[in-house]
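The structure appears below as structure tokens.
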Amino acid sequence: MRILLPQPPLFSFSECRWFLDRGYDECLHRFEGDTIVKTVRIDGAPLVFAMRSQGKHLVIEILHGAPGAKTREQLRSWISGWLDLGRNLQPFYAQLKAHPRLAWMAKDFRGLRLIGIPDLYESLCWSIIGQQINLAFAYKLKRRFVENYGESIRVNGTRHLIFPLPERVMRARVEDLQQLQFSRQKIEYLINVSRLIHEGRLSKARLEALPTAEEKHQFLTGIKGIGTWTANYTLMKTLNDTSAIPHGDAGLLNALLKHKLIKDKKDKAGIEKTFRHFKGWEAYLTFYLWRSLAVK
DNA sequence: ATCCAGGGGTCAC
DNA sequence: GTGACCCATGGA
């Protein structure tokens with residue numbers, strides 16, 4: 001009962017693996033050789049799948065979860081969004097190759113896709129958890145969050161963690177989360193977002209229904225704990241908006257400095273000038289710039 | 001020891 | 001609308 005997904009042009013599983021396997025303590029997926037094993041929720045139900053690249057396809061196997069036709073189709077669609085498989089990267093590569101300082105990335109990172117976080121709740125929680133702290137610590141906090149409030153599923157003797165449901169986090173005790181080294185603000189934001197999602201006042205569908213990026217941005221920043229960085233990060237990672245820029249992002253600024261595209265971190269003109277060459281592909285440029293921090 | 005982390009809210013001016 | 005301050009802790 002395998003699912004086959006054709007690999008689009010300008011897609012490289014090994015390039016995408018860079019992001020998925022960067023050495024951080026990721027608790028929602030892991031690699032076993034060339035195979036990634038990941039947990040997701042499909043219609044709220046936990047599912048564990050394995051995926052590897054084979055020839056011209058991605059081969060997916062469901063290890064846990066109802067393998068019905070509907071689930072398979074939903075998983076296929078989920079993975080397509082996660083790896084941004086439906087995107088034609090040709091225009092982005094044309095712009096990238098024309099850039100005097102960054103053209104090399106088109107060759108060196110060829111086939112790297114914007115790896116997303118299709119689940120809005122997971123995306124917002126991760127943004128809140130990761131705010132202001134270094135990534136190693138952020139992954140530690142995420143693991144504690146998932147281990148304490150999520151579910152765990154055993155497949156062939158291995159334990160797999162499933163991201164928590166908002167209803168559970170909504171009822172979490174502040175003291176318990178403080179024990180896990182969450183700051184009072186992060187706890188407040190997490191519980192509040194959990195409530196909004198659980199009550200249906202905030203959902204991916206509701207967000208997608210808003211006609212413009214500005215309205216989506218406004219809707220998100222109206223929520224406590226979600227500022228301009230998180231709003232744009234969400235548009236980029238969850239709604240696959242290739243025009244979104246996570247303004248103020250530390251990694252983005254460091255990469256722009258590294259490639260001498262800005263003179264300091266307040267150089268708004270330099271930032272604007274750089275992104276002007278990548279209209280419609282700002283999120284991809286950002287993702288490639290993050291990638292560039294890991295080389296040389 | 002000091003500064004920065006894949007920020008955001010609050011408050012003073 | 002801008003800037004100082006706080007949150008909390010880890011890592012370099």
Side-chain angles (χ1 to χ4, degrees), chain A residues 16 18-28 82 84 109 112-120 122-145 148 172 174-194 196 202 217-242 244-259 261-262 264-269 271 274-275 282-295:
Chain A
C16 292
W18 159 75
F19 184 79
L20 296 166
D21 195 15
R22 289 179 296 166
Y24 291 112
D25 181 27
E26 171 60 65
C27 60
L28 299 178
W82 175 42
D84 203 31
F109 307 149
L112 173 65
R113 298 267 157 169
L114 201 170
I115 311 298
I117 306 176
D119 183 80
L120 178 65
E122 180 188 332
S123 184
L124 292 176
C125 288
W126 174 232
S127 298
I128 291 164
I129 289 171
Q131 281 171 204
Q132 187 51 20
I133 56 177
N134 64 66
L135 276 177
F137 185 43
Y139 276 100
K140 262 186 208 170
L141 289 181
K142 175 169 137 182
R143 174 176 286 281
R144 291 175 190 163
F145 184 69
N148 281 275
V174 173
E175 311 87 77
D176 292 342
L177 278 160
Q178 275 181 311
Q179 205 71 24
L180 303 180
Q181 291 180 286
F182 284 71
S183 69
R184 287 200 310 275
Q185 287 172 338
K186 284 189 198 297
I187 296 167
E188 181 190 330
Y189 301 158
L190 285 171
I191 291 179
N192 182 242
V193 162
S194 300
L196 291 176
L202 171 62
H217 190 281
Q218 267 185 28
F219 183 75
L220 286 168
T221 52
I223 300 163
K224 262 203 191 312
I226 300 180
T228 182
W229 177 83
T230 305
N232 286 311
Y233 182 85
T234 303
L235 294 183
M236 169 181 175
K237 299 276 286 187
T238 303
L239 298 190
N240 298 49
D241 178 353
T242 59
I245 307 171
H247 286 291
D249 180 82
L252 171 59
L253 293 170
N254 284 335
L256 291 170
L257 273 176
K258 174 175 177 162
H259 303 305
L261 295 163
I262 55 175
D264 57 54
K265 291 190 175 182
K266 291 183 292 184
D267 183 5
K268 288 193 175 182
I271 298 170
T274 302
F275 278 105
E282 292 88 343
Y284 259 92
L285 175 63
T286 300
F287 204 71
Y288 274 55
L289 285 171
W290 284 343
R291 172 69 180 90
S292 77
L293 286 169
V295 296

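Residue numbers begin at 1 in each chain, while the letters A, B, ... track the order of the sequences.
Here the C1' atom of nucleotide C:dC5 and the CD atom of A:Gln132 are 13 Å apart, to the nearest Å. Rounded to an integer number of Å, the gap from CG of A:Asn232 to P of B:dG7 is 13 Å. When the P atom of B:dG7 is taken as reference, atom NE2 of A:His247 falls 14 Å away, rounded to whole Å. In this structure, A:Leu253 atom CG and B:dC4 atom P are separated by 13 Å, rounded to whole Å. Rounded to whole Å, atom C1' of C:dC6 lies 13 Å from atom CD of A:Glu188. Distance CG (A:Leu141) to P (C:dC7): 17 Å, rounded to an integer number of Å. Between the CG atom of A:Leu252 and the P atom of B:dG7 there is a distance of 11 Å, rounded to whole Å.
Evaluation of the ring pair (Phe, Tyr, Trp, His ring centres under 6.0 Å) rule for A:Tyr139 yields A:Tyr24, A:Trp126 as partners, not counting sequence neighbours. A:Cys16 pairs by the side-chain contact (heavy atoms from CB on, under 4.5 Å) definition with A:Phe11, A:Arg113, A:Ile115, not counting sequence neighbours. A:Tyr189 pairs by the ring pair (Phe, Tyr, Trp, His ring centres under 6.0 Å) definition with nothing, not counting sequence neighbours.
Annotation: A:Gln178, atom CD; neighbour count of heavy atoms from other residues, nucleotides and ligands within 6.0 Å is above 12.
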N/O to N/O distances under 3.5 Å, protein versus nucleotides 9-12 of chain C:
from: C:dT9; atom 1: O3'; to: A:Gln181; atom 2: NE2; distance (Å): 3.2
from: C:dG10; atom 1: OP1; to: A:Gln181; atom 2: NE2; distance (Å): 3.3
from: C:dG10; atom 1: N3; to: A:Asn134; atom 2: ND2; distance (Å): 3.0
from: C:dG11; atom 1: OP1; to: A:Lys140; atom 2: NZ; distance (Å): 3.4

So which protein N/O to nucleotides 9-12 of chain B N/O distances come out below 3.5 Å?
from: B:dG9; atom 1: OP1; to: A:Gly225; atom 2: N; distance (Å): 2.9
from: B:dT10; atom 1: OP1; to: A:Lys224; atom 2: NZ; distance (Å): 2.7

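Closest heavy-atom contact between A:Trp290 and A:Asp249: NE1-OD2, 2.8 Å. Taking both residues in full, the closest heavy atoms of A:Asp267 and A:Ile262 are given as OD2-CA, 3.3 Å, listed atom of the first, atom of the second, then distance. Closest heavy-atom contact between A:Leu141 and A:Phe182: O-CZ, 3.4 Å.
Between the side chain of A:Arg22 and the backbone N or O of A:Phe19 there is at least one donor-acceptor pair closer than 3.5 Å.
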Residues 127-134 of chain A side chain polar contacts: donor-acceptor under 3.5 Å, at least two apart:
from: A:Ser127; atom 1: OG; to: A:Ser123; atom 2: O; distance (Å): 3.0
from: A:Asn134; atom 1: OD1; to: A:Ala136; atom 2: N; distance (Å): 3.3
from: A:Asn134; atom 1: OD1; to: A:Phe137; atom 2: N; distance (Å): 2.9

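Residue A:Asn254 is in sugar-phosphate contact alone, with no base atom involved, counting any heavy-atom pair closer than 4.0 Å across all strands shown. Here A:Thr230 lies in heavy-atom contact (under 4.0 Å) with sugar-phosphate atoms only.
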